[in-house]
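Notes to accompany the following structure.
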Amino acid sequence: DLRNGAERIGRGDLDHRIPLAGEDEIGELARSFNEMTAKLKESYTGLEGKVQEKTRELAHKVKQIETQNRILEEQKRATLNVLEDLESAKQKIETEKVEYEALLASIGDGMVATDEDGRIMMMNQQAALMLGCRIEEEVGLPFEEAVLCEDEKGDPVPREKRAVSLALQKGRKIVASAYYVRRDKTRFPVAITVSPILLEGRTIGAVEIFRDVTREKEIDRMKTDFISTVSHELRTPLTVIREGVSLVLDGILGQTSTEQ
């Protein structure tokens, strides 16, 4: 029985107990075997519990890691989508910028855009050519400093009376005429139209379009001179005829006959 019991215990049957045959050495040995088997089972049970606890902890950590990996993967995909959207938006903006710059370059009139404080944000090439300046040197400057303005008499137009200032202040389109001064101190007449930039009812800037009307001014002057000359020429023969008739009627030229 002792041998059979030892073999069963050796095969892992920790529930088996060797029958106690007596108080002799065999009995003591059997008792020792039983005590050892009980302790082994206790240790094995405790170890198994710890293994199960560790297994649960590992399973929980694995689940957490899998969850984190899934979240990271989703964030990675979301980030890639955002990057793709940003790249697409960037390309679209660059394309629109090129088209916008081409549109500005094709405008025959001068164009200047300002912010709500009247500082220049943008200027097209035609405006720079008309004013004799460089665009990069004007951006950021107050409009009234970058573009000098005079009235018909050559007096500077005050800032508060400038078309851009009025459009920013009143929030509506302003049409005016004045003289702009080039960098070489020469001046030229301009027709000005300023439109405010509105956002949610608030004026955030203005766009001025100005046109060199030197040719129109010259044509108007020529028309005025022509009308004045024609009027003078028409008045001159009438004056001579009137004076001649007066002399005849007053008899200063002598008596006149019926036939005369």
Side-chain angles (χ1 to χ4, degrees), residues 78-79 81-217 220:
T79 302
N81 291 335
V82 170
L83 291 175
E84 291 176 358
D85 292 341
L86 288 175
E87 183 63 26
S88 177
K90 178 182 177 182
Q91 293 178 356
K92 184 178 179 180
I93 290 173
E94 290 178 349
T95 301
E96 291 179 349
K97 179 182 178 182
V98 172
E99 294 175 350
Y100 186 62
E101 289 176 347
L103 176 62
L104 290 179
S106 68
I107 297 176
D109 298 334
M111 190 284 295
V112 180
T114 73
D115 60 16
E116 59 185 332
D117 296 321
R119 291 185 176 274
I120 295 177
M121 298 189 301
M122 184 182 300
M123 175 185 290
N124 71 345
Q125 190 61 39
Q126 185 62 24
L129 290 173
M130 293 166 67
L131 295 169
C133 65
R134 300 176 62 181
I135 296 175
E136 59 271 19
E137 295 177 353
E138 307 306 315
V139 172
L141 293 178
F143 185 80
E144 66 274 7
E145 293 183 13
V147 183
L148 301 181
C149 181
E150 296 179 352
D151 60 16
E152 188 78 29
K153 298 178 181 179
D155 296 326
V157 178
R159 181 180 187 277
E160 62 273 10
K161 293 185 179 180
R162 296 283 296 268
V164 167
S165 297
L166 292 173
L168 290 172
Q169 178 184 353
K170 298 181 179 181
R172 60 180 177 84
K173 184 170 74 172
I174 301 295
V175 178
S177 59
Y179 286 83
Y180 278 170
V181 181
R182 301 184 182 93
R183 292 298 178 269
D184 61 4
K185 304 304 180 182
T186 60
R187 69 177 199 162
F188 61 100
V190 290
I192 304 168
T193 302
V194 184
S195 298
I197 303 172
L198 303 177
L199 178 63
E200 297 179 354
R202 187 172 67 89
T203 301
I204 62 171
V207 176
E208 174 176 312
I209 302 294
F210 62 91
R211 180 168 54 89
D212 186 344
V213 293
T214 301
R215 181 61 178 167
E216 288 86 339
K217 286 278 187 180
D220 288 342

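Count residues from 1 along the sequence.
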Trace of the ring-ring contact (aromatic ring centres under 6.0 Å, His included) decision for Tyr180 with Phe210: CA-CA 10 Å; Tyr180 278 170; Phe210 62 91; 5.2 Å; yes
Trace of the side-chain contact (heavy atoms from CB on, under 4.5 Å) decision for Met122 with Val139: CA-CA 6 Å; Met122 184 182 300; Val139 172; over 6 Å; no
Residue pair Val147, Leu131: steps toward the side-chain contact (heavy atoms from CB on, under 4.5 Å) verdict: CA-CA 8 Å; Val147 183; Leu131 295 169; 3.8 Å; yes
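Salt bridge annotation for Glu144-Arg159: present, with a cationic side-chain nitrogen under 4.0 angstrom from a carboxylate oxygen. Note on Arg134 versus Glu136: salt bridge recorded, some NZ/NE/NH1/NH2 to OD/OE distance being below 4.0 Å. Using a 4.0 Å cut-off between charged nitrogen and carboxylate oxygen, Arg183 and Glu138 count as a salt-bridge pair.
Put simply, the side chain of Asp117 never gets that close to the backbone of Arg119: no donor and acceptor are under 3.5 Å apart. With hydrogens and angles disregarded, no donor-acceptor distance shorter than 3.5 Å links the side chain of Asn124 to the backbone of Gly110.
Side-chain contact between Glu216 and Arg211 is present, with heavy atoms from C-beta onward closer than 4.5 Å. Using a 4.5 Å heavy-atom threshold, the side chains of Asp115 and Ile204 count as separate. Counting heavy atoms from C-beta on, the side chains of Glu150 and Val181 come closer than 4.5 Å. Counting only heavy atoms from C-beta outward, the side chains of Ile197 and Val207 approach each other to under 4.5 Å. Put simply, the side chain of Lys173 reaches to within 4.5 Å of the side chain of Thr193, judged on heavy atoms. Residues Arg172 and Ile174 have side chains in contact (heavy-atom distance under 4.5 Å, counting atoms from C-beta outward). For the pair Val164/Thr114, a side-chain contact is recorded, criterion being any heavy-atom separation below 4.5 Å from C-beta on. With a 4.5 Å cut-off on side-chain heavy atoms, Glu152 and Ser177 do not count as touching.
A side-chain contact (heavy atoms from CB on, under 4.5 Å) with Pro196 is found for exactly one of Thr203, Leu166, Leu168, namely Thr203.
Separation of atoms OG1 (Thr214) and OH (Tyr179) is listed at 8.5 Å; rounding is to 0.5 Å. Atom CG of Leu83 and atom NZ of Lys90 lie 11.5 Å apart (nearest 0.5 Å). Taking CD from Glu116 and CZ from Arg202, the interatomic distance works out to 5.0 Å, rounded to the nearest 0.5 Å. Of the inter-residue distances, the one linking Lys92 atom NZ with Asp85 atom CG reads 11.5 Å to the nearest 0.5 angstrom. Remark: Asp184 CG to Cys133 SG distance equals 11.5 Å, nearest 0.5 Å. Rounding to the nearest 0.5 Å gives a distance of 7.0 Å between CE of Met123 and CD1 of Ile135.
Scanning both residues, Val194 and Ala206, for their nearest heavy atoms gives CG1-CB, 4.0 Å.
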